[in-house]
Asks: 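To start, I am sharing the structure in question, which I have written as structure tokens.
Each ligand, and each atom within it, is numbered from 1 in the order the structure gives.
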Amino acid sequence: MIIAIDGPAASGKGTLSRRLASHFGFSHLDTGLLYRAVGEALRAKGLDPADEPAAVTIAETLDTSALDRDRLSGSAIGEAASIVAAIPAVRAALLDLQRRFAHSGKGAILDGRDIGTVVCPEAEVKLFVTASPEARARRRHRDDLAINPSVTYESVLADILKRDARDSGRTVAPLVPAPDARLLDTTDLDIEEAFQAAVRLVEAAG
Ligand SMILES: Nc1ncnc2c1ncn2[C@@H]1O[C@H](COP(=O)(O)OP(=O)(O)O)[C@@H](O)[C@H]1O
Ligand SMILES: Nc1ccn([C@@H]2O[C@H](COP(=O)(O)OP(=O)(O)O)[C@@H](O)[C@H]2O)c(=O)n1
């Protein structure tokens, strides 16, 4: 079984995916880390994330064995990820490994922006996880404060809105719910409530 989980920044996709993976004994791939790793590699070389040939070369030779959310978190890398993610050849270079992961075991959960629409349109379960921009910014702000105590809620909200607009407005694999996705709005749900709601949706899909 393949479970596709898509949604905007800080909606709770990763938290939900990890819990569902452990509950159902499925493997999990956080596909945002692929784009973050490409963005971070460009930054580390002092290159512009919009440098298309360099971004494509990095994506084609990416070492996916060492993707670490802690190392790749942060809004600057998120922003770079969103810029490289709008380059069609970068997305093409990362597609095959995502599809192989999805079909590699008895069950896989992938979370990202285009899992239900492009990577795994055949997924048996598709969830589009969302929450109000303010709720998402509050959550991400709490996380970011641990790294940078002076970061403001307003700047986190602005970053999230800018990234969502770029992700939704790009021509290739935009952030949009698959027509057959179930919507899960977590604005007024805590982590446990969101998890229980997701389990019900997965079980209802068989
Ligand atoms: N339903 C929820 N209620 C409150 N906080 C949540 C909820 N879901 C996730 N979080 C918290 O919000 C932050 C962002 O969640 P995360 O799973 O990383 O989102 P995403 O993967 O969509 O970017 C994390 O600190 C997480 O613990
Ligand atoms: N399947 C995916 C996953 C991420 N991405 C891009 O990668 C960026 C970072 O993704 P992420 O899932 O790590 O971001 P957060 O939701 O954790 O903030 C997104 O803003 C998208 O631009 C994508 O285009 N397609």
Asks: Flag the pair Leu33 / Thr31 as yes when at least one side-chain heavy-atom distance between them is below 4.5 Å, and no otherwise.
Replies: no
Asks: Can you list the atoms of ligand 2 that are under 4.0 Å from a heavy atom of Ala9?
Replies: 16 (O), 18 (O)
Asks: How far is atom 13 (O) of ligand 2 from the closest protein heavy atom, and which atom is that?
Replies: Arg36 NE, 2.6 Å
Asks: With heavy-atom distances below 4.0 Å as the criterion, list the atoms of ligand 2 near Ala85.
Replies: 6 (C), 22 (O), 24 (O)
Asks: Out of Ala194, Ala131, Ala9, Gly14, whose heavy atom sits nearest atom 21 (O) of ligand 1?
Replies: Gly14
Asks: Should Ser11 and Arg140 be marked as a side chain to side chain donor-acceptor pair (under 3.5 Å) after you check the CA-CA gap, both sets of side-chain angles, and the distance that decides it?
Replies: CA-CA 9 Å; Ser11 55; Arg140 188 52 51 88; over 6 Å; no
Asks: Counting only heavy atoms closer than 4.0 Å, does ligand 1 sit against the backbone of Asp143, its side chain, both, or neither?
Replies: side chain
Asks: Using a strict cut-off of 4.0 Å, indicate which atoms of ligand 2 neighbour a heavy atom of Gly32.
Replies: 3 (C), 4 (C), 10 (O), 11 (P), 12 (O), 13 (O)
Asks: Is there a donor-acceptor contact under 3.5 Å from the side chain of Asp167 to the main chain of Leu175?
Replies: no
Asks: Among all the protein's non-hydrogen atoms, which is closest to atom 7 (C) of ligand 1, and how far away is it?
Replies: Ile191 CG1, 3.4 Å
Asks: Determine whether any heavy atom of Arg69 lies closer than 4.0 Å to an atom of ligand 2.
Replies: yes
Asks: Who's the nearest protein heavy-atom neighbour of atom 7 (O) of ligand 2, and how far?
Replies: Tyr35 CB, 3.5 Å
Asks: For Thr15 and ligand 1, does the shortest N/O to N/O distance drop below 3.5 Å?
Replies: yes
Asks: Looking only at protein heavy atoms, which one is nearest to atom 3 (C) of ligand 2, and what is the separation?
Replies: Thr31 OG1, 3.4 Å
Asks: Quick one: look up the protein heavy atom nearest atom 3 (N) of ligand 1 and list residue, atom name and how far away it is.
Replies: Leu189 O, 3.3 Å
Asks: Does Arg19 come within less than 4.0 Å of Glu192, counting only side-chain N to carboxylate O?
Replies: yes
Asks: Keeping Glu124 on the side-chain end and Ile2 on the backbone end, is there a donor-acceptor pair under 3.5 Å?
Replies: yes
Asks: Which of the numbered atoms in ligand 1 are below 4.0 angstrom from a heavy atom of Ala10?
Replies: 19 (O), 20 (P), 22 (O), 23 (O)
Asks: Mind checking whether Arg170 has a heavy atom under 4.0 Å from ligand 2?
Replies: yes
Asks: Under 4.0 Å from a heavy atom of Asp190: which atoms of ligand 1 are those, numbered in the order shown and with their elements?
Replies: 1 (N), 2 (C), 3 (N)
Asks: Is the shortest N/O to N/O distance between Leu16 and ligand 1 below 3.5 Å?
Replies: no
Asks: Out of Arg139, Lys13, Arg140, whose heavy atom sits nearest atom 18 (O) of ligand 1?
Replies: Arg140
Asks: List ligand 2 atoms under 4.0 Å from Arg140, heavy atoms only on the residue side.
Replies: 15 (P), 17 (O), 18 (O)
Asks: Testing the 3.5 Å rule here: is there a donor-acceptor pair between the side chains of Arg166 and Ser82?
Replies: yes
Asks: Relative to ligand 1, is Glu193 under 4.0 angstrom through side chain, backbone, both or neither, heavy atoms considered?
Replies: neither
Asks: Have a look at ligand 2 and work out which part of Ala10, if any, has a heavy atom under 4.0 Å from it: side chain, backbone, both or neither.
Replies: backbone
Asks: In the protein, which heavy atom is nearest to atom 2 (C) of ligand 2, and how far is it?
Replies: Arg113 N, 3.4 Å
Asks: Can you give me the closest heavy-atom contact between Val202 and Met1, atom names plus distance?
Replies: CG1-SD, 4.4 Å
Asks: By number and element, which atoms of ligand 1 are closer than 4.0 Å to a non-hydrogen atom of Gly12?
Replies: 8 (N), 9 (C), 15 (O), 16 (P), 17 (O), 19 (O), 20 (P), 22 (O)
Asks: Does Arg163 approach ligand 2 within less than 4.0 angstrom via side chain, backbone, both or neither, non-hydrogen atoms only?
Replies: side chain
Asks: Could you tell me whether Arg113 and Asp6 have a side-chain N and a carboxylate O separated by less than 4.0 Å?
Replies: no
Asks: Counting only heavy atoms not in Lys106, do more than 12 fall under 6.0 Å of its NZ?
Replies: yes
Asks: Within ligand 2, which atoms have a heavy atom of Ser82 less than 4.0 Å away?
Replies: 20 (O), 22 (O)
Asks: Report the part of Arg91 in contact with ligand 2, treating N, CA, C, O as backbone and CB onward as side chain, heavy atoms under 4.0 Å; options are side chain, backbone, both, neither.
Replies: side chain
Asks: Within the 3.5 Å criterion, strictly below it, is a donor on Thr186 or Arg139 matched to an acceptor on the partner's side chain?
Replies: yes
Asks: Under 4.0 Å from a heavy atom of Gly112: give me the atoms of ligand 2 that qualify, with their elements.
Replies: 1 (N), 2 (C), 3 (C)
Asks: For ligand 2, which atoms have a heavy atom of Asp167 less than 4.0 angstrom away?
Replies: 19 (C), 20 (O), 21 (C), 22 (O)
